[in-house]
Colleague: 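Quick one: the structure is below, questions incoming.
Counting starts at 1 for both ligands and their atoms, following the listed order.
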Amino acid sequence: MNDYVIDQGFDAYTEEDHAVWRTLFERQSKLLPGRAAPEFVDGLKALGVAAEGIPNFEDLSDILEAATGWRIVAVDGLVPDDVFFRHLASRRFPVTNWIRKREQLDYLQEPDVFHDCFGHVPMLFNPIFADYMAAYGRGGIKALDLGALKLLARLYWYTVEFGLIRTDDGLRIYGAGIVSSKGETTFSLDSPEPNRLAFDLMRIMQTDYIIDHYQQTYFVIDSYDQLFAATRPDFTPCYETLKPLPTLTPDQVLESDLRV
Ligand code: HBI
Ligand code: FE
């Protein structure tokens, strides 16, 4: 079974690669205080993910593994769903090893090392979120067997990629897709445009998403425990309930929705 893992090729990075990392890192570091979730900030610091350049995945994995049993593995982009879920279930997070070009600073289609290593990895330092991600991986393998990948992918999209969390100081960002994006970091919290709805597993799995557009709806959790608890039950009955229901568009708001 090919696990799509490659060598990071750390020595092959050019000065310009590290300079693009520095530009992205410094830009987000100015924006994130007061916007990123405390657990994200703690993870970034504890893992030593720093401005000076693209991290060495082995060094970073040694610190991460001691904390939550996770390691990161280098891949050269999106891997097949079953391979991705198998990695997550084994507490291995696939991280793309290349970085975007300077002209792609504000948007690129596929995740690069900044999206994955700056965006996703710090949250894996939080034990509850780390357990959630492993549970998500196990759920993904089952969803594939049940033909329910689309439903489960929405859960990943609206939490791991674009999730917000409620704190005593207001809403904060934990989603990797937001925290690694200059524009969406401010849009997600400050814009009056998008809906911000309380986390609801079934509502999320019924809601479609558009990949090359700021979110029209953000789902807000109260805690990572809430997220992890949501993955405890077997999802098979959820899929049965959802299958005959109409898919909701990302801009829709229902009477039953709880605005945050
Ligand atoms: N591969 N490297 C990588 N990173 C991802 O986030 C990823 C993937 N393959 C599949 C996938 N995500 C999606 O199926 C999940 O988001 C559900
Ligand atoms: Fe991602």
Colleague: Can you name the N/O/S atom of Glu161 that is nearest the Fe ion (ligand 2)?
Modeller: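 Nearest N/O/S atom of Glu161: OE2.
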Colleague: Does the side chain to side chain contact (heavy atoms under 4.5 Å, CB included) test come out yes or no for Phe85 and Leu149, once each step is laid out?
Modeller: CA-CA 11 Å; Phe85 293 129; Leu149 173 73; 3.2 Å; yes
Colleague: For Asp168, does the CG atom sit with more than 12 other heavy atoms under 6.0 Å from it, leaving out its own atoms?
Modeller: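 At most 12 heavy atoms, drawn from other residues, nucleotides or ligands, come within 6.0 Å of this atom.
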Colleague: For His115, what is the atom name of its N, O or S atom nearest to the Fe ion (ligand 2)?
Modeller: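 Result: NE2.
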Colleague: Show me a pair-per-line table, with atom names and distances to 0.1 Å, of protein N or O atoms that are under 3.5 Å from an N or O of ligand 1.
Modeller:
residue	atom	partner	partner atom	Å
ligand 1	1 (N)	Val79	N	3.0
ligand 1	2 (N)	Gly77	O	3.1
ligand 1	9 (N)	Val79	O	2.8
ligand 1	14 (O)	Asp81	OD1	2.5

Colleague: Enumerate the side chain to side chain donor-acceptor pair (under 3.5 Å) contacts for residues 50-61, please, sequence neighbours excluded, ordered by first and then second residue.
Modeller: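 Every pair satisfying side chain to side chain donor-acceptor pair (under 3.5 Å) with a residue in residues 50-61: Glu58-Arg71.
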Colleague: Given Phe93, which of Val73, Asp116, Leu64 fulfils the side-chain contact (heavy atoms from CB on, under 4.5 Å) condition?
Modeller: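 Result: among Val73, Asp116, Leu64, Asp116 is the only option passing the side-chain contact (heavy atoms from CB on, under 4.5 Å) with Phe93.
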Colleague: Under 3.5 Å, is there a donor-acceptor pair linking the side chains of Asp251 and Thr249?
Modeller: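 Asp251 vs Thr249: donor-acceptor pair found between side chains.
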Colleague: Any salt bridge linking Asp257 with Arg196? Criterion: basic side-chain nitrogen under 4.0 Å from a carboxylate oxygen.
Modeller: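 The answer is no: the pair does not qualify as a salt bridge.
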Colleague: Do Thr247 and Asp208 have a side chain donor and acceptor closer than 3.5 Å?
Modeller: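 Checked: Thr247/Asp208 side chains show no N/O donor-acceptor pair below 3.5 Å.
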